Number of protein chains: 2
Amino acid sequence: MATGRTHRPATRSRGIPEATVARLPLYLRALTALSERSVPTVSSEELAAAAGVNSAKLRKDFSYLGSYGTRGVGYDVEYLVYQISRELGLTQDWPVVIVGIGNLGAALANYGGFSARGFRVAALIDADPAMAGKPVAGMPVQHTDDLEKIIEENGVSIGVIATPAGAAQQVSERLIAAGVTSILNFAPTVLSVPDGVDVRKVDLSIELQILAFHEQRKAGEEAAAGASVPGGEGVAEVPGAGSGAAPAAAVEPPAGRAAAVARKNGPEGDVPAVMPA
Amino acid sequence: MATGRTHRPATRSRGIPEATVARLPLYLRALTALSERSVPTVSSEELAAAAGVNSAKLRKDFSYLGSYGTRGVGYDVEYLVYQISRELGLTQDWPVVIVGIGNLGAALANYGGFSARGFRVAALIDADPAMAGKPVAGMPVQHTDDLEKIIEENGVSIGVIATPAGAAQQVSERLIAAGVTSILNFAPTVLSVPDGVDVRKVDLSIELQILAFHEQRKAGEEAAAGASVPGGEGVAEVPGAGSGAAPAAAVEPPAGRAAAVARKNGPEGDVPAVMPA
DNA sequence: TACTGTGAAATCGTTCACAGCA
DNA sequence: TGCTGTGAACGATTTCACAGTA
């Protein structure tokens with residue numbers, strides 16, 4: 001999960017738990033799809049399935065917003081779409097700036113979902129003078145020199161950082177000084193910001209590493225006490241069957257095993273060969 | 001946080017809590033930076049600061065891996081880098097494929113951090129015949145028809161989906177059928193996958209919506225009980241003090257503007273005007 | 001009857017605070 | 001003396017299970 005410091009910790013603002021807030025956009029998306037198909041009502045069961053959560057959780061989440069359902073019937077789709085939108089602050093328009101128009105920044109600028117609901121790209125900013133004026137996603141890139149002016153004139157409170165890691169902290173400081181209070185950070189660095197500023201991060205390599213952890217575990221489980229040397233060329237044994245799809249499939253909730261293999265770190269082991277930079 | 005269904009829920013494999021796993025990459029990054037500066041040891045306090053967490057949490061996290069520190073001294077940087085890398089499965093090479101070479105897919109392909117540590121882009125795949133053969137990030141794009149063959153020949157177990165939402169579910173099914181057991185999904189859809197397959201998602205608009213929620217809240221707080229009529233142009237009366245972070249400074253954390261306007265959800269309100277699609 | 005709303009229990013995650021060791 | 005490792009307290013989140021109601 002890409003998450004950063006989240007507002008004032010401990011003081012859960014008006015009551016809606018953070019975990020619930022993080023799921024509201026998911027519900028909203030599912031509801032919007034239903035709305036487009038003109039479905040008038042949904043049960044917690046159906047909506048939960050569409051959003052990929054379980055129904056008890058969904059009902060509990062909604063209970064924090066109020067009692068918007070009808071027992072025996074379900075939820076009114078349009079009404080819920082509105083209530084959730086309002087709760088998320090999407091009934092108003094949020095101008096955002098994207099700083100760092102490289103491959104990623106440009107991709108973000110072109111991403112439709114951006115402007116889709118409640119957000120509007122107010123400006124694209126880059127430090128490279130050569131980029132200035134160039135159109136990206138139908139909008140001229142502006143130079144970092146004008147960052148403060150842009151933020152202020154457009155009343156921007158949300159900034160997206162897509163610069164190289166080295167520039168991110170400084171960019172965040174300028175954004176914040178100019179009035180931004182929420183940052184979405186795509187640069188692989190930890191930003192340190194003052195209280196009251198929210199940062200969320202999206203980090204490709206962290207996500208991959210988490211997946212790798214689970215992959216390794218799966219492989220270990222399958223091979224049970226099998227192969228002990230991961231050394232060589234990647235190679236994924238574990239072809240077909242794997243733990244994959246298969247319903248019943250033997251080796252079900254093992255877990256235990258996994259341990260064994262990778263585990264046993266007991267012996268201090270030998271000092272490493274250091275990772276490649 | 002971008003998070004998806006995570007392996008077999010409830011059966012926390014061998015003991016390392018999911019929340020800890022999600023932080024290991026963060027520690028690893030901080031440690032790598034120290035390693036590059038030839039720093040031999042760090043205390044939990046220092047490392048925690050670099051990773052943006054608090055030291056108690058860091059020590060607890062490390063305690064799940066074993067006792068790798070030295071009381072009174074700290075942790076040996078190189079040694080920890082190795083242990084964490086091993087735990088995350090980064091001592092081996094993971095070939096990955098990226099499916100959907102649009103703006104985002106191309107950006108991902110070009111992203112350095114990808115190949116950097118433990119991962120290798122084995123292939124770029126796109127459904128557009130016109131893309132086939134075109135080089136992106138120094139690698140020819142291949143057509144979706146060959147997806148299964150590519151997965152199998154390269155022993156790929158991790159797939160990245162950067163297609164439009166509409167294609168994502170089907171792509172995931174083909175990837176899984178071909179042997180992939182971990183997916184990083186950038187498409188704004190909920191993927192439904194069989195047990196044993198891990199999915200993590202990265203979703204720009206969800207992150208923005210979460211930020212918007214907090215922005216709205218901040219703005220509302222500033223206006224305190226003040227304005228009963230949200231109408232007018234923002235402006236944060238009740239300056240200073242607010243709950244905000246900030247040093248005194250006059251109208252500091254502005255944000256106000258947007259704010260107030262939408263607030264005031266108290267009364268069940270009237271039925272909505274329906275959101276724009 | 002079918003489904004929501006919600007206390008209460010179970011689980012998971014964080015923080016505290018201090019014993020123990022180099 | 002300084003810092004790790006960890007039991008225990010605490011807090012947040014999820015799940016259960018069922019009472020309540022349209």
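Because the structure is a prediction, the values reported are computed rather than measured. Letters A, B, ... are given to chains in the order of the sequence lines, protein chains preceding strands, and every chain is numbered from 1.
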Give me the distances for all protein-to-nucleotides 7-10 of chain C N/O pairs that come in under 3.5 Å?
| from | atom 1 | to | atom 2 | distance (Å) |
| --- | --- | --- | --- | --- |
| C:dG7 | N7 | A:K60 | NZ | 3.3 |

Could you list the protein-to-nucleotides 18-22 of chain D atom pairs, N/O on both sides, closer than 3.5 Å?
| from | atom 1 | to | atom 2 | distance (Å) |
| --- | --- | --- | --- | --- |
| D:dG20 | N3 | A:R71 | NH1 | 3.1 |

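If you take OH of A:Y79 and P of C:dT4, they are 16 Å apart, rounded to a whole angstrom. Following rounding to the nearest Å, B:Y68 (OH) and C:dC21 (C1') show an atom-to-atom distance of 19 Å. In this structure, A:L65 places its CG atom 10 Å from P of C:dG5, rounding to the nearest Å. Atoms CG (B:L80) and P (D:dT4) sit 11 Å apart, rounded to a whole Å. One interatomic measurement links the two molecules: CG of B:L47 to P of D:dG2, which rounds to 20 Å at whole-angstrom precision. Atom pair A:L58:CG and C:dT4:C1' shows a separation of 11 Å (rounding to whole Å applied). Between the CD atom of B:E18 and the P atom of D:dT13 there is a distance of 16 Å, rounded to whole Å. Residue B:E45 contributes atom CD, which lies 14 Å from atom P of D:dG5 at whole-angstrom precision.
For the residue pair A:T189 and A:Q169, no side-chain donor N or O sits within less than 3.5 Å of a side-chain acceptor on the partner. The closest side-chain donor-acceptor pair between B:T91 and B:R86, if any, does not fall under 3.5 angstrom.
Between the side chain of A:Q209 and the backbone N or O of B:L88 there is no donor-acceptor pair closer than 3.5 Å.
Look at B:Y75 and you'll find a side-chain N or O under 4.0 angstrom from OP1 or OP2 of D:dG5. A:N54 has a side-chain polar atom (N or O) that falls below the 4.0 Å cut-off from OP1 or OP2 of D:dT15.
In this structure, B:D203 pairs ionically with A:R29, as a charged nitrogen and a carboxylate oxygen lie closer than 4.0 Å.
Rounding to the nearest 0.5 angstrom, the gap separating the OH atom in B:Y27 from the CG atom in B:L65 is 9.5 Å. Considering CD1 of A:I206 and CZ of B:R200, their distance stands at 9.5 Å, rounded to 0.5 Å. Here the CG atom belonging to B:L108 is positioned 12.0 Å from the CD1 atom belonging to B:I161, to the nearest 0.5 angstrom.
Ranking D:dT4, C:dT15, C:dT4 by closeness to the B:K57 side chain, first place goes to C:dT15. In the set D:dG5, C:dG13, D:dT14, D:dG5 carries the atom at the smallest distance from any side-chain atom of B:S63.
Residue A:F62 is out of contact with every strand shown, counting any heavy-atom pair closer than 4.0 Å.
Using a 4.5 Å cut-off on side-chain heavy atoms (C-beta onward), A:E87 and B:Q216 make no contact.
In this structure, the ring pair (Phe, Tyr, Trp, His ring centres under 6.0 Å) partners of A:Y75, at least two apart in sequence or on a different chain, are A:F62.
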